[in-house]
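One structure is given here, and the rest of the page talks about it.
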There are 2 protein chains.
Amino acid sequence: MLFTTTTEYALRGLSELVMRGGATQPVLLADLVEGTDLPREFMAKVFQRLVKAGILHSAKGRGGGFTLARPGEEISMMEVLTALEGPQHFNGCVLGLDRCNDAMPCPQHDMYKPVRHRLRDYLTNTSISDLGTALHEKRRQLAEQAVVPSNGTARVK
Amino acid sequence: MLFTTTTEYALRGLSELVMRGGATQPVLLADLVEGTDLPREFMAKVFQRLVKAGILHSAKGRGGGFTLARPGEEISMMEVLTALEGPQHFNGCVLGLDRCNDAMPCPQHDMYKPVRHRLRDYLTNTSISDLGTALHEKRRQLAEQAVVPSNGTARVK
DNA sequence: CGATCAAAGGACTAAGACATCCTTTGAATT
DNA sequence: AATTCAAAGGATGTCTTAGTCCTTTGATCG
């Protein structure tokens with residue numbers, strides 16, 4: 001809804017990367033996608049773009065793989081979005097007009113502004129480290145749930 | 001950003017329709033797009049879909065055109081969005097996962113929830129009448145501005 | 001140096017979005 | 001009934017997005 005498929009893959013891929021220690025040691029694409037439904041070949045293209053955008057670092061050959069180019073705390077969802085879809089995504093009106101101008105003013109500019117602001121806040125203030133941590137935590141909870149599946153004392157959501 | 005081009009066109013077209021009295025009398029597509037950059041032929045397709053969705057009513061031949069099928073106050077942006085892009089757009093995670101499940105839980109579900117809620121509120125509580133009114137008002141302001149362009153007493157934004 | 005490993009990159013296919021053109025249908029006017 | 005009007009609908013074309021496959025590049029290990 002908010003992102004293109006490409007951006008969604010990027011964010012999910014980065015979450016996985018962070019969760020697998022990609023902040024410090026290289027992670028292979030093959031390892032990263034295993035157990036997920038992320039399409040390997042396509043992810044390779046997406047990660048290539050992230051390398052060029054200065055978000056990822058890559059190394060070929062043995063001991064290679066992908067690592068974060070910078071600390072994960074410094075990479076926001078917004079930066080990923082911008083790298084892949086361009087910067088203009090948050091400057092336009094709700095209705096997608098190029099410009100709110102004389103010929104066709106955006107009738108919703110004022111009402112949409114606070115909504116967009118909220119959205120922008122979320123995207124700029126959430127880092128891919130946050131995504132990785134949240135993913136890790138979710139999986140931990142699910143694992144715990146699986147171990148004590150029908151025990152009344154276990155908190156199961 | 002939020003919508004596909006098709007949905008944007010639909011919302012803009014409906015805004016124009018309402019502004020031109022399409023709530024009560026039929027408006028021709030040709031009239032509706034004139035002075036805008038809305039592509040006539042493509043808009044015809046979009047409006048066809050809105051007719052089938054029960055949002056618009058159409059009439060062929062002389063005296064024909066498009067009118068709202070129901071009062072504009074009762075038609076929300078969300079309804080238009082849903083009619084054109086399907087209902088699943090607001091039920092998913094930020095990351096676009098089909099389901100937040102064991103195999104791949106959404107790492108951001110909880111944090112994104114309030115943001116989505118805000119967005120949903122905006123879209124369900126804004127009707128196409130609101131859009132039409134806002135459009136009309138904006139154009140009125142611009143016209144006023146144009147009449148007294150360099151007069152110090154005129155409030156110009 | 002040669003083998004192997006893994007990302008980079010090019011070529012290609014499929015599907016969907018966006019857009020236009022032309023014919024058909026149905027209604028109103030003469 | 002004939003004409004005209006305007007939307008409905010089918011056919012087609014183009015572009016972008018999504019996705020796969022295969023070759024090349026560059027690094028490391030033996």
Side-chain angles (χ1 to χ4, degrees), chain A residues 1-14 17 20 22 25-34 36-69 81 83-86 88-89 96 98, chain B residues 1-14 17 20 22 25-34 36-69 81 83-86 88-89 96 98:
Chain A
M1 158 70 209
L2 281 182
F3 311 123
T4 63
T5 306
T6 296
T7 303
E8 281 172 13
Y9 283 159
L11 291 171
R12 288 171 56 194
L14 289 169
L17 184 75
R20 286 158 195 267
Q25 356 142 352
V27 176
L28 298 186
L29 201 54
D31 292 344
L32 192 143
V33 300
E34 112 166 356
T36 73
D37 61 348
L38 298 172
R40 203 218 119 108
E41 302 303 323
F42 189 68
M43 279 306 292
K45 300 292 186 193
V46 177
F47 269 28
Q48 267 182 54
R49 295 179 62 188
L50 295 179
V51 168
K52 284 176 183 158
I55 290 171
L56 286 180
H57 172 258
S58 68
K60 292 180 180 177
R62 211 160 287 177
F66 292 95
T67 47
L68 295 183
L81 175 67
L84 295 173
E85 301 183 34
Q88 76 291 357
H89 269 267
D98 290 350
Chain B
M1 157 73 210
L2 282 182
F3 311 122
T4 62
T5 305
T6 297
T7 303
E8 282 172 12
Y9 283 160
L11 291 172
R12 287 172 56 195
L14 289 169
L17 184 75
R20 287 160 193 266
Q25 357 142 349
V27 176
L28 297 188
L29 201 53
D31 291 343
L32 192 142
V33 300
E34 113 167 354
T36 74
D37 62 347
L38 299 172
R40 203 218 120 108
E41 302 304 322
F42 188 68
M43 280 304 294
K45 298 293 185 193
V46 176
F47 268 28
Q48 266 182 54
R49 294 179 63 189
L50 295 179
V51 168
K52 283 174 185 158
I55 290 171
L56 286 180
H57 172 258
S58 68
K60 291 180 180 177
R62 209 161 287 181
F66 292 94
T67 47
L68 295 183
L81 174 68
L84 296 174
E85 300 184 35
Q88 76 291 358
H89 269 267
D98 290 349

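In what follows, every chain begins at residue 1, and chains take the letters A, B, ... in the order their sequences are listed. Quick caveat, the model's predicted, so the values are computed rather than measured. The analysis underlying the following values was restricted to heavy atoms, covering all of them including side chains, and did not include hydrogens, waters or symmetry mates.
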- prompt: Hey, does B:Ala59 reach any base, or is it just sugar-phosphate, or nothing, if we go heavy atoms under 4.0 Å?
  reply: sugar-phosphate

- prompt: Looking at A:Tyr9, does any N or O in its side chain come under 4.0 Å of the phosphate oxygens OP1/OP2 on D:dG19?
  reply: yes

field: B:Glu41 or A:Glu41, whichever maps to the more 5' nucleotide of DNA chain D
entry: B:Glu41

query: How long is the line joining NZ of B:Lys52 and C1' of D:dG9, in whole Å?
result: 8 Å

- request: Report the C-alpha distance between B:Leu32 and B:Phe47 in whole Å, list the side-chain angles of each, state the deciding distance to 0.1 Å, and finish with yes or no for side-chain contact (heavy atoms from CB on, under 4.5 Å).
  value: CA-CA 12 Å; B:Leu32 192 142; B:Phe47 268 28; 4.0 Å; yes

task: Can you see which heavy atom on B:Ala69 is nearest to which on B:Gly54, and at what distance?
output: CB-O, 3.4 Å

statement: What one should report as the nearest heavy-atom pair of B:Ala10 and B:Leu84 is CB-CD1, 3.4 Å

- request: Side chain of B:Thr4 only, please: which of C:dG9, D:dA8, C:dC18 is the nearest?
  value: C:dC18

query: Which comes earlier along DNA chain C counting from the 5' end, the contact point of A:Gly65 or that of B:Met43, where each point is its nearest nucleotide?
result: A:Gly65

query: Does OP1 or OP2 of C:dC18 have a side-chain N or O of B:Thr5 closer than 4.0 Å?
result: yes

query: Does B:Arg40 put a side-chain nitrogen or oxygen below 4.0 Å from OP1 or OP2 of D:dA7?
result: yes

- prompt: Could one point to a donor on the side chain of B:Lys45 or the base of D:dG9 with an acceptor on the other under 3.5 Å away?
  reply: yes

message: Please confirm whether the shortest side-chain N or O distance from A:Gln48 to OP1 or OP2 of C:dG9 is below 4.0 Å.
response: yes

- request: Verify the contact: side-chain N or O of B:Ser58 to OP1 or OP2 of D:dA6, cut-off strictly under 4.0 Å; return yes or no.
  value: no

statement: By nearest-heavy-atom nucleotide on DNA chain C, the more 5' of A:Arg62 and A:Ala44 is A:Arg62

message: Heavy atoms only, 4.0 Å cut-off, all strands: where does B:Phe47 land among base, sugar-phosphate and nothing?
response: nothing

field: Comparing A:Gly63 and B:Val27 on DNA chain D - which has the more 5′ nearest nucleotide
entry: B:Val27

Rounded distance (Å) that lies between atom P of C:dA8 and atom CG of A:Leu50: 11 Å

task: Check the distance between D:dA6's C1' and B:Leu56's CG and give it to me in whole angstrom.
output: 15 Å

message: Tell me the interatomic distance from B:Leu29, atom CG, to D:dC5, atom P, rounded to whole angstroms.
response: 17 Å

statement: Minimal heavy-atom distance between A:Ala83 and A:Arg49, with the atoms involved, is O-NH2, 4.2 Å

query: C:dA19 C1' sits how many Å from B:Leu38 CG, rounded?
result: 13 Å

- line: Whole-Å distance, B:His57 NE2 to C:dG26 C1', equals 12 Å

- request: Round to the nearest Å and state the distance from B:Leu28 atom CG to D:dA8 atom P.
  value: 12 Å

field: Minimum-distance nucleotide to A:Lys60 side chain [options: D:dT25, C:dA19, D:dA18]
entry: D:dT25

- prompt: For the pair made of CZ in A:Phe42 and C1' in C:dA14, what is the distance, rounded to whole Å?
  reply: 13 Å

field: Side chains of A:Leu81 and A:Leu2 in contact at under 4.5 Å (non-hydrogen atoms)
entry: no

- request: For residues B:Thr67 and B:Leu56, determine if any side-chain heavy atom of one lies less than 4.5 Å from a side-chain heavy atom of the other.
  value: no

